[in-house]
2 protein chains.
Amino acid sequence: MTETLDTRSWRGVHVELLRRIQTKEWLPGAPIPNEADLAIEFGCARTTVNRAMRELAEAGLIDRKRRAGTRVALNPVSRVVLDIPIIRLEVEQRNASWRYTLLERAVCPAPVAISSRLGLDRETAMLHLSGLHFADNKPFLHEDRWINLSAVPGVERVDFSAISANEWLLQNARFTHGDITFSAEVAGESRAGLLSADPAAAIFVVDRITWDQGQAITSVRLSYAPGYDLHSKI
Amino acid sequence: MTETLDTRSWRGVHVELLRRIQTKEWLPGAPIPNEADLAIEFGCARTTVNRAMRELAEAGLIDRKRRAGTRVALNPVSRVVLDIPIIRLEVEQRNASWRYTLLERAVCPAPVAISSRLGLDRETAMLHLSGLHFADNKPFLHEDRWINLSAVPGVERVDFSAISANEWLLQNARFTHGDITFSAEVAGESRAGLLSADPAAAIFVVDRITWDQGQAITSVRLSYAPGYDLHSKI
DNA sequence: AGCTGCATTATGTGTGCACATATTAACGTG
DNA sequence: CACGTTAATATGTGCACACATAATGCAGCT
């Protein structure tokens, strides 16, 4: 029932070019015809071919250079797109009920490892929050967060036992970019206690720092309960 | 020295719209002017505004519906794009020398967990490969792979001690899509031996299955040596 | 009221054209 | 031959226009 797409639409051109690459009709590294020629072949405008090829280039399947032309990419990097939602939604998408508990709230200087990564002075007072997210009343992940007080006005007056920092910040603080790191760690005694897990268990950890222009907003470490996995399509 | 982009170019329009969203000048959930009006405001063609807004929609920052108009996204999902390169390149990007050793090669039926996930009969003979990737002569990751013989013609005759399966398949087998899973596991005795690691160490694991149309190509499990982390920009 | 169908409207896409820009090949000069 | 300059070329972008498509709401009917 796959409606054969007209090769005069950019989607049609896109799938046809994709086919030629995937079937190795056009070999990796080989040059492919220029936009104008393809437009003639498909009986469409150059703009349409351009749109199709732009998508392929974004996906990393072809390399394009002005004047030099377009080639099939030599090392086809698979590009994985992960959507990182609000934790509440992540839990609810698993058909589980979500609950959040604030464990600790303090205004104090952050560990040097944190403050230096954020480019802040080591004595700068920051807001430290520690909390647990539950899925169906079982610990789902531990959120350990430091917030730059001067970058998020009003954050000191928020009641983080009523709303998770994760959610409040995403809705109220603006950010332009961030760094994210995924790793595996042994739980250890303290985390094991929080997550009701074996201290020897392997924990999936996500570290994230977000920025607004050059200014650090927050650094957060999410420690998922054992058994968690993150998956996606390629 | 940031050259102020002309708002008559799509990039200029893009950053201006981005700014209005990030500064909450346009609040989450709020409708934003239609393309035609914005085109007049910016003194450019509607096509140009469309291009800028399409990028924002792809990034998940706005929601667009015909007739209903465009709104600032309510829950701004951060979208992380991970480039998964050939392992050799991943090692070389860390300025380390890469080396690969084939540990095992066998044609035999796969464990049920594997064959069922690939949608194959449990007695189907598959090619099993196990190998180690080294970075500067230290174990970097263990690759444990099952290949569907009938989907990859000629794979039986390849000398996988000369080229890693990872690299050969990416260059020679075609695939249309795949599933990828990231998780954390305790190393255990056997993997610890392979990776010269503590059996109690936490291991970052990537599971990947690739398909060509509906046909399973290969299932691979990458176990990274302790200390590995995967990072990216948001 | 409740339903149907049509007009309206915003986005989605295609076309033909123009010019911009990056890159390479060809050329000419010393 | 080595070099800098120039011309040719493929992609990148912008514009004005047109029509397609999906969603919405209104009008009119029962």
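Throughout, a chain's letter reflects where its sequence line sits, starting with A, and its residues are numbered from 1.
- Comparing A:A68 and B:N50 by the nucleotide of DNA chain C whose heavy atom lies nearest to each, the residue mapping closer to the 5' end is B:N50.
- One can place CG of A:D37 at 12 Å from P of D:dT9, the figure rounded to the nearest angstrom.
- As rounded to whole Å, 13 Å separates atom P of D:dA10 from atom CZ of A:R71.
- Taking atom CD of B:E35 as the reference point, atom C1' of D:dC15 lies 14 Å away to the nearest angstrom.
- With hydrogens and angles left out, the side-chain atoms of A:H133 and A:S164 include no donor and acceptor closer than 3.5 Å.
- Between the C1' atom of D:dA20 and the CH2 atom of A:W10 lies a distance of 16 Å, rounded to the nearest Å.
- Between A:Y228 and A:F204, the ring-plane angle classifies as tilted under the 30° and 60° cut-offs.
- Contact check, B:T47 against D:dA16: no side-chain N or O comes under 4.0 Å of OP1 or OP2.
- Residues A:R51 and A:E58 are not paired through a salt bridge, judged by the lack of any N-O separation under 4.0 Å between the basic side chain and the carboxylate.
- Of the side-chain N and O atoms in A:R64, none sit less than 4.0 angstrom from OP1 or OP2 of D:dA10.
- Under a 4.0 Å N-O distance rule, the pair B:D63/B:R71 does not qualify as a salt bridge.
- The separation between A:F42 atom CZ and C:dT13 atom P is 18 Å, rounded to whole Å.
- The phosphate of C:dT13 has OP1 or OP2 within less than 4.0 Å of a side-chain N or O from A:R11.
- Note: NZ (B:K65) to P (D:dG25) measures 10 Å, nearest angstrom.
- The interatomic distance linking A:H14 (NE2) with C:dT13 (C1') rounds to 16 Å, in whole Å.
- Following rounding to the nearest Å, A:R51 (CZ) and D:dT13 (P) show an atom-to-atom distance of 13 Å.
- Side-chain proximity of A:T70 to the nucleotides C:dA25, C:dT11, D:dT11 is greatest for D:dT11.
- The nucleotide whose nearest atom lies closest to any side-chain atom of B:A45 is, among D:dA16, C:dG12, D:dT11, D:dA16.
- The side chain of A:R67 sits closest to D:dA8 out of D:dA8, C:dT11, D:dG12.
- Inter-residue side-chain proximity for B:E25 and B:R19 is flagged as met; some heavy-atom pair is nearer than 4.5 Å.
- In terms of phosphate contacts, A:T48 brings a side-chain nitrogen or oxygen within less than 4.0 Å of OP1 or OP2 of C:dT15.
- If you check distances only, the side chain of A:R46 does reach the base of D:dG12 with a donor-acceptor pair under 3.5 Å.
- Within 3.5 Å, a donor on the side chain of A:R66 pairs with an acceptor on the base of C:dT21, or the reverse.
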